[in-house]
K.L.:
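Here it is, the structure, as structure tokens.
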Amino acid sequence: MDKLVIEGGNPLSGTIRIHGAKNAALPILAASLLAEGVHSLHNVPKLLDIETMLNILERLGCRCAHEEETVTIDTSPLGTSHVPEDLMRQMRSSIFLMGPLLSRFGEVTIYQPGGCAIGERKIDLHLQGLKQLGAEIEESNGRISCRAAKLTGSEVHLDYPSVGATENIMMAAAMAEGTTTISGAAREPEIQDLQNFLNQMGAQIIGAGTDTITIQGVKKLYPCSYEVIPDRIVAGTVMIAAAATRGNVTLTHTNAGHLTSLIHVLRRAGVQITVCNDIINISCMGRPRAVERIVTSPYPSFPTDLQSQVMVLLSLADGFSVIKETVFEGRFKHVEEMARMGADISIDLNRAFIRGVQRLYGATVEATDLRAGAALVIAGLAAHGTTVVEQAHHIDRGYDGIEKLFQKLGARISRKVPVPGPLDLAN
Ligand code: EPZ
């Protein structure tokens, strides 16, 4: 498996363009199945999760191409609603296919997506919502079969503002008969992007970005051309890395309106941030201040996907900080690895108590999941000495070549790809 080797202690500087949002592109790719014909999706980054989703669409019969940052999908040959188990297991986001396939075929078979390093990842809210639209669901041995001769608009309430469940229900309701209202909906920008894409296809949806979304079912949807929003988590990761290395970085192709909670925290830590249209400048000349308390929770609060990264910054801050993680039950796996670099962090259930240290030291650490891996790269960039981040493939799921991204900002980081040995070659 690939490793990243980082010579730390070098302040980041320069300008970087932020690529399109993985968590907007994935549901939009699934939603493309709702219309027969050729879609053109722009600002779609080359990430492992995107390629996995395109593989699934091709296994379902679609013709896909990904050139530069444009994806072309011809859904005309779509021929089956059975999502391959091997690919389902590879990526939880395949769950997004349930709504569109149920709508197109009146049936869909998927497999219980496995949990992952960050938590159990239940799908009960997805299934409850689809049942309320008229689906009959059978589960046995991890195989989930859904059937609905017709999907009918309904009042759906989510007990928790699940991003994926909100998106799945929106897609299933887009061509249901009648009106669907989702109350308790998630409010993430990626959900607004999905609404805009679906409306571009001819859907009639309002309310995304609030906790109540109304979908007026239409008879048919049409393929379209669409540009995906910038990735706020990649932007936030770069901003935190700039602060942790006491650098000065300019980000372009961003939407600061999607990052207000992070910007608020960074300013409390003494980091200088200026915003002009789609450009964010961030600089940190001295040691950051501790931030008394950060609580992750659904948008617009502080995002769980930036929790591990901001913990690295606070591990170097002057003072004592507390982070409470309320979204996923297993999202502190980076703490043990950071301790190997000299961080002083203790965990009590879902709270991390961080006592800032003057410096971190390079070490060999392991990426356990996507965002924990990104956090360890930031730690390596800020640390004194050499850091090796193993299992770098986790990071490739959400960053288009994280080493290239930081090399452009002056970081001394490189990727080591294992050379196949004689035994590997013999296989
Ligand atoms: C999306 O995951 C994102 N992934 C995640 O980003 C992100 O962390 C998460 O939203 C929260 O913002 C994509 O958009 C592809 P949820 P999703 O449903 O939809 C529980 C990354 O790093 N829950 O809002 O799976 C669940 O167990 C990834 O890019 C249920 O109990 O998130 C979790 O504790 C990681 N029942 C919480 O809700 C359900 O039916 C949040 O899950 C669904 C979810």
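For ligands, and for the atoms within them, numbers begin at 1 and follow the listed sequence.
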K.L.:
Between D211 (side chain) and G184 (backbone), is there a donor-acceptor pair under 3.5 Å?
P.N.:
no
K.L.:
Which residue supplies the protein heavy atom nearest to atom 38 (O) of ligand 1, what is that atom called, and how far is it?
P.N.:
Y160 CE2, 3.5 Å
K.L.:
Against heavy atoms of R331, which atoms of ligand 1 measure under 4.0 Å?
P.N.:
8 (O), 22 (O), 35 (C)
K.L.:
For atom 3 (C) of ligand 1, what's the nearest protein heavy-atom neighbour? Residue, atom name and distance, please.
P.N.:
N23 ND2, 3.7 Å
K.L.:
Do the side chain of E325 and the main chain of F328 share a donor and acceptor less than 3.5 angstrom apart?
P.N.:
yes
K.L.:
Under 4.0 Å from a heavy atom of D305: give me the atoms of ligand 1 that qualify, with their elements.
P.N.:
5 (C), 6 (O), 7 (C), 8 (O), 21 (C), 22 (O), 28 (C), 29 (O), 35 (C)
K.L.:
Backbone N or O of R331 within a donor-acceptor pair of the Q307 side chain at under 3.5 Å?
P.N.:
yes
K.L.:
How far is atom 40 (O) of ligand 1 from the closest protein heavy atom, and which atom is that?
P.N.:
L125 N, 2.7 Å
K.L.:
Between V327 and ligand 1, find which residue part has any heavy-atom pair under 4.0 Å and reply side chain, backbone, both or neither.
P.N.:
both
K.L.:
Counting only heavy atoms, tell me which of H394, K122, E167, E190 gets closest to atom 39 (C) of ligand 1.
P.N.:
K122
K.L.:
Hey, does the side chain of S301 reach the backbone of T296 with a donor-acceptor pair shorter than 3.5 angstrom?
P.N.:
no
K.L.:
Side chains of R59 and I56: closer than 4.5 Å at any heavy-atom pair?
P.N.:
no
K.L.:
How about I345 and F353: do any of their side-chain heavy atoms sit closer than 4.5 Å?
P.N.:
no
K.L.:
Side chain or backbone, does L26 bring an N or O within less than 3.5 Å of an N or O on ligand 1?
P.N.:
no
K.L.:
Quick one: does S162 get an N or O within less than 3.5 Å of an N or O on ligand 1?
P.N.:
yes
K.L.:
Using modelled atom types and a 3.5 Å cut-off, is there a donor and acceptor pairing between side-chain atoms of R412 and backbone atoms of N10?
P.N.:
no
K.L.:
Is there side-chain contact between I213 and I191, with heavy atoms separated by less than 4.5 Å?
P.N.:
yes
K.L.:
Considering only heavy atoms of R92, which atoms of ligand 1 have at least one such atom less than 4.0 Å away?
P.N.:
25 (O)
K.L.:
Classify the contact between A165 and ligand 1 as side chain, backbone, both or neither, using a heavy-atom distance cut-off of under 4.0 Å.
P.N.:
neither
K.L.:
I'd like to check atom 7 (C) of ligand 1 in this structure: does the protein have a heavy atom lying under 4.0 Å from it?
P.N.:
yes
K.L.:
When the aromatic ring centroids of Y111 and H82 are compared, is their separation below 6.0 Å?
P.N.:
yes
K.L.:
Check whether any N or O atom of F96, backbone or side chain, sits under 3.5 Å from an N or O atom of ligand 1, and answer yes or no.
P.N.:
no
K.L.:
I want to confirm something. Looking only at heavy atoms, which of Q307, M53, K22, R121 is nearest to atom 17 (P) of ligand 1?
P.N.:
R121
K.L.:
Look at the aromatic rings of Y226 and F197 and report parallel, tilted or perpendicular, splitting at 30° and 60°.
P.N.:
perpendicular
K.L.:
Against heavy atoms of G164, which atoms of ligand 1 measure under 4.0 Å?
P.N.:
18 (O), 19 (O)
K.L.:
Side chain of K333, backbone of A117: donor and acceptor closer than 3.5 Å?
P.N.:
yes
K.L.:
Give a yes or no on whether the backbone of L151 and the side-chain of E177 come within a donor-acceptor separation of less than 3.5 Å.
P.N.:
no
K.L.:
Side chain, backbone, both or neither: which applies to L370 and ligand 1 if a contact is any heavy-atom pair less than 4.0 Å apart?
P.N.:
side chain
K.L.:
Report the nearest protein non-hydrogen atom to atom 32 (O) of ligand 1: residue, atom name, distance rounded to 0.1 Å.
P.N.:
F328 CZ, 4.2 Å
K.L.:
Non-hydrogen atoms of G119 versus ligand 1: any pair closer than 4.0 Å?
P.N.:
no
K.L.:
Say you draw a straight line from OG of S315 to CG of L360; how long is it, rounded to the nearest 0.5 Å?
P.N.:
4.5 Å
K.L.:
Please compare D124, T304, V163 and report which has the shortest non-hydrogen distance to atom 24 (O) of ligand 1.
P.N.:
V163
K.L.:
Suppose I only count heavy atoms of S93 and a 4.0 Å limit; which atoms of ligand 1 are within that range?
P.N.:
15 (C)
K.L.:
Identify the closest protein heavy atom to atom 22 (O) of ligand 1: which residue and atom is it, and at what distance?
P.N.:
R371 NE, 2.9 Å
